[in-house]
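Report on one structure; see the data block that follows.
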2 protein chains.
Amino acid sequence: MKWHAPQKASGFYSCSSNSINMTTKEDLEAIENQISTIQCSNGDTAGPVLAHGRLKTVEKGRNWGWLLSGFISLNILLLGIAIVSGSVFNKVQISSSHLLIFLILLVILTTVWMVYYKVHTSRVHQAVLYKDSHAGPVWLRAGLVLFGVCSVIMDIFKIMYYVGRMHCESPVKVVFPAVQALFVIVQTYVLWVHAKDCVQIQQNITRFGLMLTLSTNLMVWMTAVTEESLHQTVAPKDPSSNGSSNNGHSYNVTTEGRAEVSECKCFHDMCDVFEKTFYYLYPFNIEYSLFASALAYVMWKNVGRNMDEHHSHKLRFSPWDVLVGPVAGLIILVAGLATFVVYEVDVAEGDPKKTEGALITHYIMNIVAIILMSITCLIGCVVFRMDKREQVSGKNPTRSLDVGLLVGASLGQFLICYFIIVAVLASGVMGSTNRLNLVCAILTVIQLCLQNAFIIKGLHREPFVETETSTVFANVMAVRERDPERRSSSIVPAHTLPIPLGILQGRLSWKRRMIKEICAFLLLCNIILWIMPAFGARPQFDNTVGSDVYEFQTWAVAVNIGMPFGIFYRLHSVASLFEVCLTS
Amino acid sequence: MKWHAPQKASGFYSCSSNSINMTTKEDLEAIENQISTIQCSNGDTAGPVLAHGRLKTVEKGRNWGWLLSGFISLNILLLGIAIVSGSVFNKVQISSSHLLIFLILLVILTTVWMVYYKVHTSRVHQAVLYKDSHAGPVWLRAGLVLFGVCSVIMDIFKIMYYVGRMHCESPVKVVFPAVQALFVIVQTYVLWVHAKDCVQIQQNITRFGLMLTLSTNLMVWMTAVTEESLHQTVAPKDPSSNGSSNNGHSYNVTTEGRAEVSECKCFHDMCDVFEKTFYYLYPFNIEYSLFASALAYVMWKNVGRNMDEHHSHKLRFSPWDVLVGPVAGLIILVAGLATFVVYEVDVAEGDPKKTEGALITHYIMNIVAIILMSITCLIGCVVFRMDKREQVSGKNPTRSLDVGLLVGASLGQFLICYFIIVAVLASGVMGSTNRLNLVCAILTVIQLCLQNAFIIKGLHREPFVETETSTVFANVMAVRERDPERRSSSIVPAHTLPIPLGILQGRLSWKRRMIKEICAFLLLCNIILWIMPAFGARPQFDNTVGSDVYEFQTWAVAVNIGMPFGIFYRLHSVASLFEVCLTS
C-alpha cells in the first residue's frame with residue numbers, strides 16, 4: 001500500500017503513523033524522530049504535535065506562571081517608579097526613607113528566595129536536568145563578581161559614613177547598605193553557580209523568584225541612577241550661572257556642594273573620604289545591577305526549557321593567528337591610556353585653559369580611534385558579505401538577549417551623541433573645542449551603527465567547524481585513492497568542496513584571518529573606550545555646551561542615564577567581539 | 001540499498017536527496033515538501049535547510065536591509081528626541097520652528113515614498129504575491145480613518161489659526177499643518193489599501209520606506225504629546241498655588257493662560273475658537289500616529305514573507321448566542337454615559353463643592369464597573385483553565401504585536417494608577433474623595449492584570465473550528481451506519497469525539513457561551529472606559545492630590561504620556577475582546 005502524502009485541505013498528518021503500512025516505515029519513523037529532536041532542541045517547546053495539516057507545539061513555557069510572574073515584575077517596577085518620582089519631587093511626604101524601606105523589603109525577599117532555591121535544587125535530584133551552554137558566559141559572571149566586590153566595598157563605606165551621622169539621619173540609611181551587601185554576596189554566589197540552569201521542578205515558584213530578582217535589581221539600578229543624578233545636580237551652587245562658568249571636575253564640586261546643603265555634622269573625621277569614595281563606586285554598583293538583571297532574565301527564559309548540550313562546539317583560540325590587529329589595537333590602547341591620564345590630571349586642576357587643552361587632546365584621541373574602528377568595521381562587513389555562510393537558526397534566548405542588550409545599551413551612547421550634535425549646532429559651532437566635539441559625536445554615531453551591524457552579523461553566522469570539515473575532506477582524499485568510481489558518493493556534501501587546501505596546512509583563509517584581525521583590533525579599542533568613562537572621564541560635564549543649551553538638570557539626567565549604558569555597551573562589545581573572533 | 005537515518009554526531013541530512021537510492025524516495029520527498037510547507041507558512045523563513053543534524057533556516061528576512069532600516073529609524077528617532085528636548089528646555093537657540101522644519105522634511109520624504117510605493121506596486125505584477133490575513137484588522141484601519149479625519153480637521157483649524165497670526169509667527173507654523181494634512185490623507189489611503197501586503201520586490205527600499213513611515217509617525221506622536229503637555233503646564237497662572245486651588249476644567253484655563261503669555265494678536269475673531277478646537281482634537285492626532293505606527297510596523301515585519309492564505313477560518317458571529325453579557329454591559333455603558341455628562345457639566349462650572357461631588361460620582365461609577373469587570377475576567381480565566389484547548393503556535397507578527405501593544409499600552413494606565421496610589425498614601429488618605437481615588441486606582445491595577453491575562457490567553461488559544469469538526473462528525477455517523485467494522489478507522493481523530501451533540505442542534509457548550517458572554521460584557525465596559533478619557537474627563541487634574549504631591553510639571557508629563565496609552569489600551573482591548581469572542 002502506497003503511503004499518501006497528506007493533502008492540505010483536510011488531511012491529517014498523524015505523528016504516531018499507526019495506520020501507515022509500508023516497507024520503509026522504520027525509515028520514515030527515523031526521519032520523524034530526527035525532525036522532532038531538532039524541533040525540541042530548538043526552543044522551549046515540549047514536542048510538536050502534527051494535526052490539522054499544521055505544526056502545533058504545546059507551549060509549555062507560555063503558561064499562567066510565565067504570564068503572572070511577568071505581571072508581578074511589572075507591578076513592582078511601576079510602583080517603584082512612582083515611589084522614586086515621589087521621593088525626588090516631594091521630599092516631605094515621600095522621603096528617601098520610604099524608598100529605602102521598599103528596597104529593603106524587596107532585597108530581603110529576594111535573598112530569602114535565593115537561599116531557598118539553592119537549598120531546594122541541591123536537595124532534589126532532578127531539579128536541573130539541562131544546562132544552557134550559551135547562558136551566563138564567563139565574562140558576564142566575571143564582571144558580576146568584579147562589580148559585586150566593588151558594590152560590597154561601596155556598601156561598607158556607606159555604612160561607616162551613615163554610622164557617623166546616626167544622630168541626625170534615619171537608621172534605615174545604615175540598614176539598607178548592610179542588607180544590600182548581604183544580598184550582593186548571596187546573589188553573586190547563586191548566579192555564578194546557577195546561571196546556566198534550566199530548572200525543571202517548581203517551575204512557577206522559580207519563575208516568580210527570578211522575576212522578583214530581576215525587579216529588585218532593576219529597582220536598585222533605578223535608585224542608584226537617580227541618586228547619582230541628584231548628586232551631580234546639587235553640584236552647581238548657583239544654578240543660573242553654572243552654564244557659563246566652568247565647574248572644574250564635577251565630583252569634587254558636587255561633594256562640597258552637598259556638604260554645604262546638609263547641616264548634619266559627622267562625628268568622625270573620615271566622613272568626607274567615605275562619601276567621596278562611595279560616590280566614586282556608584283557606577284560599579286549600577287553596572288552590577290545591569291549584569292545581574294541580564295543573568296536573571298536569561299535564567300527566567302530558560303525555566304522549563306529542554307535542550308541537549310551536544311551543540312556546543314569546542315572552539316580553538318590561538319593568539320598567534322593574528323598579528324596586525326592586536327598590535328594596532330595595543331598602540332591605540334596605550335595612547336588612549338596616556339591621554340586619559342593627562343586629561344584627568346589637567347581637568348582636576350580646574351584651570352579653564354588647561355581644561356580646554358585636555359578636552360582637545362581627548363577629542364582628537366577619540367576621533368582617531370573611532371575613524372580607525374569605523375573603517376575596520378566597514379571592511380569586516382564587506383568581508384562578511386563576500387564570505388557567505390549559513391545563518392544560525394533556532395530560538396536561543398541568550399543570543400536574542402545578547403543582540404537586544406547590544407542595541408539597547410548602544411541607545412544610551414546614541415542619545416548622548418545626538419544631544420551633543422543638536423547642542424553644538426544650536427550654539428553655532430564656535431571654537432575648535434566645539435567643532436571637535438561635533439565631529440567626535442557624528443563619528444561615534446557612525447561607528448556605533450557599523451559596529452552593531454558587524455557584531456550582529458557575526459553572532460548570527462554559523463560557527464566555522466574546523467575539525468569536522470577537515471575530517472570529511474581527509475576521508476574524501478582517502479576514498480578517491482582507494483575507490484575512484486565512488487567519487488560522487490553521498491558522503492561528500494557539495495558545500496565542503498570549495499574549502500581551500502590551506503586549511504590542512506594549519507593556515508587560515510585570508511577572509512577568516514581578516515575577521516580575526518578586525519575583531520582583535522576592535523576589542524582592544526573598545527577596552528580603551530570603556531576605561532575612559534568607567535574611570536571618571538566626563539567630557540560631557542567638563543565641556544559646558546550641553547548644560548548651556550539644555551538646562552543643567554536635563555543634561556545631567558540624559559548623561560547619567562546614557563553613560564552607564566554606554567559603559568555597559570563597550571564591555572558587552574568586547575565580549576561579543578571575542579565570541580565573533582572565536583566562531584569566525 | 002537501505003537508507004541510513006542520520007546520526008546526530010556527524011551525519012548530513014541533505015535536503016536535495018540526490019544521492020539517496022531507495023524505493024520510496026518520492027514518498028520521502030513528499031513528506032519533506034509537506035514539512036517545508038508547514039515551516040514556510042509558520043514564519044518568515046524562506047525554506048528549511050537540514051544540515052549538521054539541525055534545522056537551519058535561511059533567514060531571508062534578517063538581511064542587511066532589515067538591519068540598516070532599523071538603524072536608520074533609530075537614528076531619526078534619537079535625533080528627534082534631542083531636538084524635542086532642546087526645543088522644550090531652550091526656546092532661544094532651538095526654537096519650535098527648527099523642530100517643525102525637521103518634521104516637514106520627514107513628512108514630505110515619507111509622502112513621496114508612499115506615492116512611489118503605490119505607483120510601483122500597482123505597475124509591477126508580482127510586487128505583492130501574498131497577503132497576511134492577520135495584518136491590518138478592520139478595526140485598526142477604521143480607527144485610522146476616523147482619527148485621520150479628525151487629524152485633518154485639526155490641521156485645517158491650525159492653518160486658519162496661524163494664518164490669523166501670520167504677521168508675528170513663523171510661516172513654518174502654517175506650512176507644517178498643510179503638509180501634515182496631505183501626509184495624513186496619503187498615508188490613510190495607502191495603509192487602508194496595502195496594510196496586508198507581504199511585499200516581494202525591492203524589499204530593501206520597501207523596508208527603508210516603512211521604517212521611515214514608522215519614524216515619522218512616532219516623531220509626530222512625540223511632538224504632539226510634548227505640545228499637549230506644555231500646553232497644560234502653562235495653564236496655572238501662579239505655579240506655586242496651583243496645587244491648593246482648584247483650576248476648574250483644565251482646557252479652558254489653559255487656553256486663557258496661553259493667551260496671556262503670548263503678546264501676538266490674531267487679526268480675525270475666530271482665533272480663540274480655532275485654538276480651543278484644535279487642542280481638543282490633539283488626542284485624536286496622537287491616537288492616529290499610534291495606529292499608523294502599528295500598521296507600518298506590521299507591514300515592515302511582513303516584507304519578503306511567504307505565507308498562504310488558507311489558514312484563515314471563516315468565523316461566524318451571531319449576536320443571539322449571548323444575552324446576559326451584552327445587557328449587563330449596556331447598563332454599565334448607559335450609566336457611565338450619564339455620570340460622564342453630569343461630571344463634565346459639574347466640573348465645567350468651576351465650583352469646588354460641585355467638582356468634589358462630580359469626582360465622587362465618577363469614582364463610584366468607575367469602581368462599580370471595574371469590580372464587575374475584574375470578577376468576569378477572573379471567571380473567564382477559570383473557564384479557560386477548565387476548557388483546555390491547544391495553543392496557537394508559529395510566528396505571527398500581528399499576534400505578537402497585538403500582545404505587545406496590549407501590555408505596552410496598559411503600562412500607561414498602570415503608571416498613572418501607581419502614581420495616584422503613592423500620592424494618596426503619602427498625603428495621608430484624607431477625605432472621601434481621596435479614599436475613593438485610592439480604591440479606584442488599586443482596583444484598576446487588579447483589573448488591568450486580569451484583563452491582560454484573559455485577553456492574552458484568549459488570543460493564544462486555537463480557534464474553535466465548527467464546520468470542520470461537525471463535517472468529520474457527520475461523516476463518522478455515516479461511516480458507522482454503512483460500515484460497522486471500520487469504526488476505529490484512522491479517519492476519526494480521537495480528539496473530535498468528546499464534542500457534545502448539542503453542537504449539531506446549533507447550541508453552544510456552556511463554556512463557550514460563558515466566554516462569549518464575558519467578552520461581550522467586557523467589550524462594552526471597555527467602550528465606556530474609553531469614552532470618558534477620550535472625550536475630556538481628566539479627574540487626574542480635577543483632583544489636586546497628584547499635583548500636590550509631585551510637582552505639577554512632573555504630574556502633567558506623567559498623565560500626558562500615560563493617558564493616550566490608556567485610551568489606546570481600551571480601544572485595543574475592545575478589538576481584542578471581539579477577536580476572542582469570535583474564536584472562542
Side-chain angles (χ1 to χ4, degrees), chain A residues 3 5-6 8 12-13 18-19 22-24 27-28 30-31 34-35 38 42 51 54-59 62 67 71 74-75 78-79 81-83 85-86 89-90 93-94 310 390-391 393-394 414-415 418-419 421-423 426-427 445 449 452-453 456 460 468 489-490 493 549-551 554, chain B residues 3 5-6 8 10 12-14 19-20 22-24 27-28 30-31 34-35 38 42 49 54-59 62 67 71 74-75 78-79 81-83 85-86 89-90 93-94 310 390-391 393-394 414-415 418-419 421-423 426-427 445 449 452-453 456 460 490 493 549-551 554:
Chain A
W3 190 80
K8 264 188 194 173
F12 291 99
Y13 182 11
N18 280 332
S19 55
M22 60 182 289
T23 48
T24 53
D27 293 342
L28 273 171
I31 298 164
Q34 178 72 7
I35 291 164
I38 293 159
N42 264 346
R54 259 197 290 174
L55 192 78
K56 282 177 206 163
T57 48
V58 182
E59 293 192 0
R62 311 234 154 186
L67 211 59
F71 281 142
L74 204 73
N75 282 301
L78 289 168
L79 179 58
I81 290 175
I83 296 177
S85 303
F89 293 107
N90 179 324
Q93 287 164 314
I94 308 171
H310 304 292
E390 267 158 17
Q391 300 231 319
S393 69
F414 268 125
L415 199 71
Y418 276 115
F419 268 85
I421 292 171
V422 170
S427 64
V445 167
C449 285
N452 277 349
I456 292 173
H460 277 94
E468 194 176 325
S489 126
S490 66
V549 171
Y550 312 100
E551 279 168 23
T554 322
Chain B
W3 190 81
K8 263 188 193 172
S10 63
F12 290 97
Y13 180 13
S14 164
S19 53
I20 303 172
M22 60 182 289
T23 48
T24 53
D27 294 340
L28 274 171
I31 299 165
Q34 179 70 10
I35 293 164
I38 295 160
N42 266 346
V49 179
R54 261 197 288 174
L55 192 78
K56 283 175 206 166
T57 47
V58 182
E59 294 192 358
R62 312 231 152 187
L67 212 59
F71 281 141
L74 205 74
N75 282 301
L78 289 168
L79 180 59
I81 291 175
I83 296 178
S85 304
F89 294 105
N90 179 324
Q93 286 165 314
I94 307 171
H310 303 293
E390 267 158 15
Q391 300 231 319
S393 69
F414 269 123
L415 199 71
Y418 276 114
F419 268 84
I421 292 171
V422 170
S427 64
V445 167
C449 284
N452 277 350
I456 292 173
H460 277 94
S490 67
V549 171
Y550 313 98
E551 277 167 24
T554 322

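Chain identifiers are assigned alphabetically (A, B, ...) following the order of the sequence lines, protein sequences preceding nucleic acid strands; residue numbering begins at 1 within each chain. Side chains included, hydrogens not; waters and symmetry mates left out as well; all remaining heavy atoms used.
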Query raised in the report: Is it the backbone or the side chain of B/Phe71 that comes under 4.5 Å from a heavy atom of chain A, or both, or neither?
Result: side chain
Query raised in the report: Taking every heavy-atom pair that is under 4.5 Å apart, which of B/Asn452, B/Val445, B/Leu78 has the most such pairs with chain A?
Result: B/Leu78
Requested in this report: Using a 4.5 Å cut-off on heavy atoms from C-beta on, say whether the side chain of B/Tyr418 contacts that of A/Ile83.
Outcome: no
Query - Contacting region of A/Leu74 [heavy-atom separation from chain B under 4.5 Å] - result: side chain
Requested in this report: Would you mind checking which part of A/Leu79 comes under 4.5 Å of any heavy atom in chain B, side chain (CB onward), backbone (N, CA, C, O), both or neither?
Outcome: both
Query raised in the report: For A/Ala453 and B/Leu67, which heavy atoms make the closest approach, and how far apart are they?
Result: CA-CD2, 3.7 Å
Query raised in the report: Who among B/Val422, B/Asn75, B/Leu415 has the most heavy-atom pairs with chain A under 4.5 Å?
Result: B/Asn75
